[in-house]
Visitor: 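I have a structure I would like to understand better, so I am pasting it below and will then ask my questions one at a time.
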Amino acid sequence: MAAAREELQKDLEEVKELLTKATRKRLRDVLMTEKHKLELEIKNQPPPKPKDVAEEEKSSLGGYTVKINNYGWDQSDKFIKIYISLNGVQKLPAENVQVNFTERSFDLLVKNLNGKNYTMTFNNLLKPISVEGSSKKIKTDMVLVMCRKKREEKWECLTQVEKESKEKEKAAYDTSDPSEGLMNLLKKMYAEGDDEMKRTINKAWVESREKQSKGDIPMDI
């Protein structure tokens, strides 16, 4: 968890540095959107564990750790259900599969599965869950995480960040101005892209400025 927080912090510092260099309003809007998103993710990271506890857990893990990105989910009136496929997980001792819940997050740790450890973390869940009522189930080649809803209402997505992203995407295409729609699409690509994508968009912006200064293509991004 500390590594994830550190990576998010590095991303945030890079965005802040880009903000100091950006002069165009639209580019600054893209960067501010990314900055807000990163700050929200950092805020909702679980607090770091005491060093002795973290070191003890680290020393108990064999092999290397893989971050789980693929999953499926659905819901009933009472539960949010997250399905994680892991071949052979049913053969592990029960204590090797751990899920920790808070009211707005959960993290899964699967230890020593075929020589690897697997982790998955969901922060800033869309709505509060009941820690006591939530649980996990081990099935053939699958872990089922069951988050007990505090209120029996439908969730449109899993996290607050995902909801905000969908709302921004919807707003991005709600425009009659084609150039505005293109800019909104670039904003979305930048907000969701990795470092390479951000560098590519920044490069395009610089090149367009150079063309403008030479009286070439009047492109504004």
Side-chain angles (χ1 to χ4, degrees), residues 1-49 54 65 67-71 73 82 100 102-108 119-129 155-213 218-221:
M1 307 306 170
R5 178 184 289 269
E6 184 178 346
E7 286 301 313
L8 288 171
Q9 193 63 48
K10 288 180 180 178
D11 289 344
L12 179 59
E13 292 305 318
E14 184 174 334
V15 169
K16 287 181 179 179
E17 183 177 350
L18 289 170
L19 268 169
T20 64
K21 299 176 182 178
T23 57
R24 303 288 291 178
K25 180 179 183 300
R26 290 182 174 180
L27 184 59
R28 287 185 63 83
D29 288 345
V30 170
L31 292 170
M32 287 301 295
T33 297
E34 181 69 7
K35 177 174 176 288
H36 173 71
K37 179 181 176 182
L38 288 168
E39 287 174 342
L40 188 61
E41 288 189 43
I42 291 172
K43 179 181 177 182
N44 288 286
Q45 284 283 312
K49 297 178 180 178
T65 300
K67 184 178 180 180
I68 301 170
N69 293 312
N70 295 323
Y71 62 91
W73 75 284
I82 298 94
N100 296 313
T102 72
E103 189 175 74
R104 295 296 289 270
S105 73
F106 75 84
D107 61 84
L108 165 70
T119 66
M120 168 181 272
T121 300
F122 269 94
N123 293 311
N124 199 26
L125 291 171
L126 184 64
K127 300 177 187 294
I129 62 173
W155 291 25
E156 57 192 277
C157 51
L158 284 178
T159 66
Q160 186 66 32
V161 171
E162 186 180 349
K163 179 184 178 183
E164 291 179 0
S165 177
K166 286 184 176 181
E167 289 174 347
K168 289 174 184 175
E169 182 176 351
K170 181 179 179 181
Y173 294 101
D174 186 18
T175 174
S176 57
D177 184 349
S179 62
E180 186 70 18
L182 175 60
M183 179 51 59
N184 287 330
L185 177 60
L186 285 173
K187 288 180 182 181
K188 179 178 182 294
M189 290 171 61
Y190 191 96
E192 297 178 356
D194 56 15
D195 290 345
E196 184 63 30
M197 176 63 73
K198 292 170 186 175
R199 282 193 289 270
T200 299
I201 293 175
N202 283 333
K203 181 180 178 182
W205 174 73
V206 170
E207 290 177 350
S208 74
R209 290 293 301 275
E210 290 175 349
K211 289 180 180 179
Q212 280 183 310
S213 66
M219 181 178 177
D220 182 17
I221 66 173

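One is the number of the first residue; the rest follow in order along the sequence.
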Visitor: Nearest 0.5 Å, please: how far is OG1 in Thr159 from CG in Asn124?
Guide: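 Going from CG on Asn124 over to OG1 on Thr159, the span is 6.5 Å.
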
Visitor: I would like to know whether Asp11 and Asp195 meet side-chain contact (heavy atoms from CB on, under 4.5 Å); could you show each step before the answer?
Guide: CA-CA 9 Å; Asp11 289 344; Asp195 290 345; 4.2 Å; yes

Visitor: Which heavy atom in Glu164 sits nearest to a heavy atom in Leu40, and how many Å separate them?
Guide: OE1-CD2, 3.7 Å

Visitor: How far does OG1 of Thr102 sit from CD1 of Ile129, to the nearest 0.5 angstrom?
Guide: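 One finds 6.5 Å between OG1 of Thr102 and CD1 of Ile129.
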
Visitor: Using the side chain to side chain contact (heavy atoms under 4.5 Å, CB included) rule, pick out the option among His36, Lys37, Met32 that qualifies with Glu34.
Guide: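 So the option named by the test is Lys37.
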
Visitor: Can you tell me how far CZ of Arg28 sits from CZ of Arg26, rounded to the nearest 0.5 angstrom?
Guide: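 If I round to the nearest 0.5 Å, the distance is 15.5 Å.
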
Visitor: Hey, are the side chains of Tyr71 and Leu158 touching, using non-hydrogen atoms and a 4.5 Å cut-off?
Guide: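 Yes, at least one pair of side-chain atoms sits under 4.5 Å.
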
Visitor: Given 3.5 Å as the limit, does a donor-acceptor pair link the side chain of Arg104 with the main chain of Leu126, or not?
Guide: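 Such a contact is found between Arg104 side chain and Leu126 backbone.
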
Visitor: Give, for atom CZ of Phe122 and atom CD of Glu162, the distance between the pair rounded to the nearest 0.5 Å.
Guide: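 Separation between the atoms: 8.0 Å.
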
Visitor: Taking the side chain as every heavy atom from C-beta outward, state whether Leu27 and Asn202 have any atom pair closer than 4.5 Å.
Guide: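 They are in contact (side-chain heavy atoms under 4.5 Å apart), so the answer is yes.
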
Visitor: Quick one: list whatever passes side chain to side chain donor-acceptor pair (under 3.5 Å) with Glu13, sequence neighbours left out.
Guide: Gln9

Visitor: Is it the case that atom CG in Asn70 sees more than 12 heavy atoms from other parts of the structure closer than 6.0 Å?
Guide: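 Incorrect, the count does not exceed 12.
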
Visitor: Once you round to the nearest 0.5 Å, how far does CG of Leu18 lie from CZ of Arg199?
Guide: 10.0 Å

Visitor: Taking the side chain as every heavy atom from C-beta outward, state whether Leu12 and Glu39 have any pair of such atoms under 4.5 Å apart.
Guide: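 Side chain of Leu12 against side chain of Glu39, heavy atoms only: contact under 4.5 Å found.
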
Visitor: Should the pair Lys10-Glu14 be classified as a salt bridge under the 4.0 Å nitrogen-to-oxygen rule?
Guide: no

Visitor: Look at the side chain of Ser165 and the backbone N and O of Val161, then say whether any donor-acceptor pair between them is shorter than 3.5 Å.
Guide: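 Not a single qualifying donor-acceptor pair exists.
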
Visitor: How long is the straight-line distance from CG of Leu125 back to CD of Gln160, given to the nearest 0.5 Å?
Guide: 10.5 Å

Visitor: What closest approach, in Å, do Asn123 and Ser105 show between heavy atoms, and which atom pair accounts for it?
Guide: OD1-CB, 3.7 Å

